[in-house]
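Reviewing the structure listed below.
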Amino acid sequence: MADTLLPGGIIAFLIATLGIGVYASKQIKGDSVNFLVAGRGLTLPLAAATLMAQSVDSNATLGNTDLASEFGFWAGASLPLGLALCLFLTALFFAKPMNRMGLITLPDFYRVKYGRTTEWVAAVLMVVSFSFLLAGNLVAGGYLFQTFLGMSYTIGVILLAVIVLIYTASGGLFAVAYTDAIQVLIALVGSLCLLGYIRLNFGFSIPAGTGPFALEQMTSPAAGSLVNWATLLALGLGDIVAIDFMARIFSAESPETAQRACLIGSLGTVIIGVPFSIIALSAPEILATAGVTAEGPILYALLQNVVPSFLALLVIVAILSASLSTADGAILGTSSVIAHNILGIRHDQHNGSGDRLLALTRSMAVVITAMGVFFALKVPQTGVLLLLAFDLGVCRAAGPFGRGGLFYPKATKEGALACIIVGSLTRLLLFALMPVTFGIKNTLVYIPNSIFYCRF
């Protein structure tokens, strides 16, 4: 039964998700506002669920466990904690004013504040960074399909991309919200059930210096503090200027709903993500006792060889849910930015075939999905792609959006463009010059040089 339970359950979940997403297309009614921001009518439960689901991605689960098992609790937990910090800061400072502005995409803010040129430059760089985010979640799905469905990594990445593309392009943010609500519930139950099973059957055996109270991980560079803080701050600040994340803020039915949804989402991200960090600390010893050598993600080895089939299926679907919930938002958010902000199609432009923005966004979804597949095949790593995406967010837009955009009335177009262009180019150049990023070999684009080396 175990041989058929896992693949059968995964396939059933994918079919159900696809069905829900396509069913949501009935809510679109040929209107790009319905498609992109769910008619600005998401209630608190849906808004909170979709914000939480957007934070709990495969990097905060799968990448989290790999990092925690190898480098310690804070190396992995910095992922979900950084995403939770982002939601908390957004609730305090950004959710209400951004919801009140009635925007469709995040680059709209740059047009309103700084003009069309700044909007265009910011939009192009957002598309680049979010291609990395999409790719990171396709990577996790590719490995999952390879491990549990027996298909190749490449076919797994492509299959997952096609499934997400179909339901996202059909139902827009309504499809994203409906599927997110189910996916985040599965992720919550799966995370807590796995934590309870490990605690009851094996206990928590945490190597010295790697647990949550080993704070040298956050104070000593030798213990990884610089990388851990970089991770925490890249996500905590960079995700604030995430196009998919802000789309959910715009979609809430009121400013108060947007703020409360962020607070609930912040708490839920911690509850779902941190248990994976704790489980990862004990996983190597549990696997060693079982005589298992992990090949690939350590969490997959645990689920394949130690955990009962039913619980393994629940957790696998939770990880897959995390991948889908972020991938769909990345496709929708990025394709809308290409159509609306780069190509300049507005939601009130119609032709004989209907809403031009709706039609073009759906077409651009194919383009951005193809970009995500390319990066996923080129760099088969989860955490690195996520962190690069949000590093670019911090370097590109934190200043022009936060202090300069909302809280400093004298901010200028020239200053905003300088921040966006110089920050992004600096981060991309340093990425290309470093042979290793966050402990992972740079296989995307490396320029050999004698200045920057691994320990740098």
Side-chain angles (χ1 to χ4, degrees), residues 7-32 34-38 50 53-54 57-58 127 130-131 133-142 144-146 149 151-184 186 243-244 247-248 251 316-317 319-339 353-355 357-377:
I10 292 170
I11 292 170
F13 168 74
L14 290 172
I15 293 173
T17 299
L18 191 61
I20 293 169
V22 173
Y23 175 79
S25 63
K26 296 181 178 180
Q27 302 285 340
I28 304 305
K29 301 174 182 176
D31 189 340
S32 56
N34 288 338
F35 186 78
L36 297 176
V37 288
T50 196
Q54 202 62 24
D57 65 354
S58 62
V127 168
F130 265 74
S131 298
L133 177 68
L134 171 60
N137 286 277
L138 295 179
V139 167
L144 189 150
F145 287 178
Q146 180 185 55
L149 295 182
M151 61 181 60
S152 72
Y153 169 77
T154 299
I155 296 299
V157 167
I158 294 172
L159 178 60
L160 183 65
V162 169
I163 291 171
V164 180
L165 173 63
I166 290 172
Y167 80 75
T168 303
S170 298
L173 195 61
F174 277 114
V176 170
Y178 294 161
T179 54
D180 280 358
I182 297 171
Q183 290 160 357
V184 78
I186 293 172
I243 48 181
D244 56 343
R248 285 142 178 77
S251 302
I316 291 165
V317 170
I319 297 169
L320 187 55
S321 295
S323 296
L324 292 170
S325 65
T326 302
D328 56 21
I331 291 173
L332 178 63
T334 312
S335 59
S336 66
V337 166
I338 295 174
S353 58
D355 192 317
L357 178 57
L358 174 59
L360 189 57
T361 299
R362 282 173 164 160
S363 299
M364 290 301 102
V366 178
V367 175
I368 198 63
T369 303
M371 289 177 63
V373 169
F374 171 78
F375 288 128
L377 298 180

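Listed here is the closest heavy atom pair of L173 and A247: CD2-O, 4.1 Å. Shortest non-hydrogen contact noted between D355 and L357 is OD1-N, 3.0 Å. Taking each heavy atom of A53 and S325 in turn, the nearest pair found is O-OG, 2.8 Å. In terms of heavy-atom proximity, L138 sits nearest to A376 at CB-CB, 4.0 Å. Smallest separation of non-hydrogen atoms from F375 and A135: CB-CB, 3.5 Å. Closest approach of S251 and A38 over heavy atoms only: OG-N, 4.3 Å.
The CG atom of L134 sits 13.5 Å away from the CZ atom of F374 when rounded to the nearest 0.5 Å. Atom CZ in R362 sits 14.0 Å away from atom CD1 in I331 (nearest 0.5 Å). Interatomic distance, CG of L133 versus CD1 of I243, reported as 8.5 Å (0.5 Å rounding). In this structure, the separation between OG1 on T50 and OH on Y178 is 11.5 Å, given to the nearest 0.5 Å. Taking OH of Y167 as the reference point, atom CG of D328 lies at 3.5 Å (rounded to 0.5 Å). Here L160 contributes atom CG and L144 contributes atom CG; the two are 8.5 Å apart, rounded to the nearest 0.5 Å.
With S25 contributing its side chain and G21 its backbone, the two residues share no donor-acceptor pair below 3.5 Å. Side-chain N or O atoms of N34 include none that pairs as donor or acceptor with a backbone N or O of G30 at under 3.5 Å. Looking at S32, its side chain never comes within 3.5 Å of a backbone N or O of L358 through a donor-acceptor pair. Checked by atom type and distance alone, the side chain of T179 pairs as donor or acceptor with a backbone atom of V176 at under 3.5 Å. With hydrogens and angles disregarded, a donor-acceptor distance shorter than 3.5 Å links the side chain of S335 to the backbone of L332.
Side chains of F13 and Q183 form a contact here, defined as non-hydrogen atoms less than 4.5 Å apart. Taking 4.5 Å as the limit, some side-chain heavy atom of R248 sits within range of a side-chain heavy atom of D180. At a threshold of 4.5 Å between non-hydrogen side-chain atoms, the residues T369 and V164 do not count as touching. Within the 4.5 Å cutoff, no side-chain heavy atoms of S321 are placed close to those of V184.
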Report task. Check the pair L324, T17 against side-chain contact (heavy atoms from CB on, under 4.5 Å), reporting the backbone distance first and the verdict last. Result -> CA-CA 9 Å; L324 292 170; T17 299; 4.2 Å; yes
Report task. Could you please spell out the steps behind the side-chain contact (heavy atoms from CB on, under 4.5 Å) verdict for I182 and I186? Result -> CA-CA 6 Å; I182 297 171; I186 293 172; 4.0 Å; yes
